[in-house]
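Here the structure comes first, spelled out in structure tokens, and everything after it is commentary.
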Number of protein chains: 2
Amino acid sequence: MPMEALHHFLHRLTPIAPATWDKVHPLFTEARFEKGANYIREGQLAREIGFLEQGVMRAYYRNAAGQEYNKHFFTAPCFIGGYASLITGQPNVIQQEALTDCTVLSAPYAPFRALFDSCPDLERAARILAEQFFVAKEQREIEIVQLDAEERYRLFRERYPELEASIPQYHIASYLGVTPTQLSRIRRKSAGR
Amino acid sequence: MPMEALHHFLHRLTPIAPATWDKVHPLFTEARFEKGANYIREGQLAREIGFLEQGVMRAYYRNAAGQEYNKHFFTAPCFIGGYASLITGQPNVIQQEALTDCTVLSAPYAPFRALFDSCPDLERAARILAEQFFVAKEQREIEIVQLDAEERYRLFRERYPELEASIPQYHIASYLGVTPTQLSRIRRKSAGR
DNA sequence: GGCATCCGTATACATAGGTAAAGAAATCAG
DNA sequence: CTGATTTCTTTACCTATGTATACGGATGCC
């Protein structure tokens, strides 16, 4: 089956009728993004929903001073894209960049969402996905506020054991909300263990 | 119409068929919570979904050391309840406390969610609600990480102009992620303006 | 009115983490 | 291999904010 990973991912959210899948999958087309390429850019309206088949991406926010904050690391398989912009119709404030060579399935969001009317199972998948996104965000909020950088680093290593060795440390520092300097101090301190 | 505010709130998310509303509203019962009362407690499974008709509540997280972090202020009308716990089935880690006398419509979540099967419009409302929750969380994450406490205070005052005068400042400090001491310093500094 | 409690503010000190700059190490291009 | 570039670490110094504590004003109870 083509787009096996996407089909499987949706199915784990909720059972998807074959008739629904027949309408969904033709919307998606495959594209490659080389390491360093941007999937979405800030300032534009998001119009596509993406599914990361292979690779690692980062979603980041860049403030007026040009400083970047790594909001999230996407590791395949998962949905990507400017979700908040898709939902609100406001210009996107998040950028997403390939940290490795990536394969992405991409679909225009308007016809995808239009399928919700005739495919309640697809809308259910979207509901569950949004709920999971919310839960993840809530958990991250508590981690940011309650844990210090050292504990957040420990959690990061547990959660993304493969990532640490494969991406630059300044990206990790940015995800943790500290400078590379501080991450280096933390690493030195915990090196004994 | 009874439960007018709830009906109106749902309708603003997406049109709700009369037949759907006829199944939804009997699930809800009204309850009063006096200032200081808890709506949900940590450590238990959330089983109810609530709708705040009147009043102000705070959602807070309490860590092992007993320190509290005010995650959110609910101002009627809005949904309340241990949303993450309802979704994941994991024990609730958030508490919600009435900051003023409150009126709440409460429904058991299991039969509410069961209506999604026969009422796609209700599932759509739930999807849109979850999406809005996610967008709000994403925005708050960026505020926490990108803004310093002084700017977050300025934002808080813009966003909840009535709240500042009506709740203790230590609750505001906790929402901002600083101590009352620090909020006091910030207030002194910006008093000139 | 008088007392107790709670809350906001102030002060002194401690600490996590930022900034800047430089050196060390690793990676990459030719 | 070699030089250039990028990344990681270290150091010195500085700032924001936490902790602990004390004080004073408000509020409420008797």
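Computed from a predicted structure; not experimentally measured. Proteins come first, then strands; the chains are lettered A, B, ... in the order of their sequence lines, and each starts at number 1.
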Nucleotide C/dG17, atom P - distance to CD1 of A/Ile186 in whole Å: 6 Å
Any A/Arg188 side-chain N or O less than 4.0 Å from OP1/OP2 of D/dT10: yes
Separation of atom CD1 in B/Ile172 from atom C1' in C/dT9, rounded to whole Å: 15 Å
Cation-pi, B/Phe156 ring and B/Arg187 (6.0 angstrom, 45 degrees): no
Atom-pair distance (CD1 on A/Ile167; P on D/dT6), nearest Å: 19 Å
Candidate nucleotides C/dG8, C/dT19, C/dT11, ranked by approach to the side chain of A/Gln67 - the nearest: C/dT19
Between C/dA10 (C1') and B/Gln169 (CD): distance, integer Å: 14 Å
5' priority, DNA chain C, between B/Pro180 and A/Asp148 [closest heavy atom]: B/Pro180
Closest to side chain of B/Tyr170, choosing from D/dT7, C/dT11, C/dG8: C/dG8
Comparing B/Pro168 and A/Thr181 on DNA chain C - which has the more 5′ nearest nucleotide: B/Pro168
Distance in angstrom units between B/Glu151 CD and D/dA16 P, rounded: 12 Å
Interatomic distance where NZ belongs to A/Lys35 and C1' belongs to C/dC28 [whole Å]: 11 Å
OP1 or OP2 of C/dG18 under 4.0 Å from side-chain N/O of A/Thr179: yes
Parallel, tilted or perpendicular: ring planes of A/Tyr39 versus A/Phe33, cut at 30 and 60 degrees: perpendicular
Side chain of A/Gln182 - closest among C/dG18, C/dG8, C/dT19: C/dG18
Atom-to-atom span, CG of A/Leu183 to P of C/dG18 - whole angstrom: 10 Å
Protein-nucleotide distance (A/Tyr153, atom OH; C/dG17, atom P), rounded to Å: 14 Å
Check: B/Arg185 side chain, D/dG18 base, donor-acceptor under 3.5 Å: yes
Chi angles and distances behind the salt bridge (charged side-chain N to carboxylate O under 4.0 Å, His left out) call for B/Glu143, B/Arg159: CA-CA 13 Å; B/Glu143 286 168 11; B/Arg159 200 167 292 163; 2.8 Å; yes
Cation-aromatic face contact B/Arg58/B/Tyr60, 6.0 Å, 45 degrees: yes
Distance-only donor-acceptor check, side chains B/Glu48 and B/Ser106, under 3.5 Å: yes
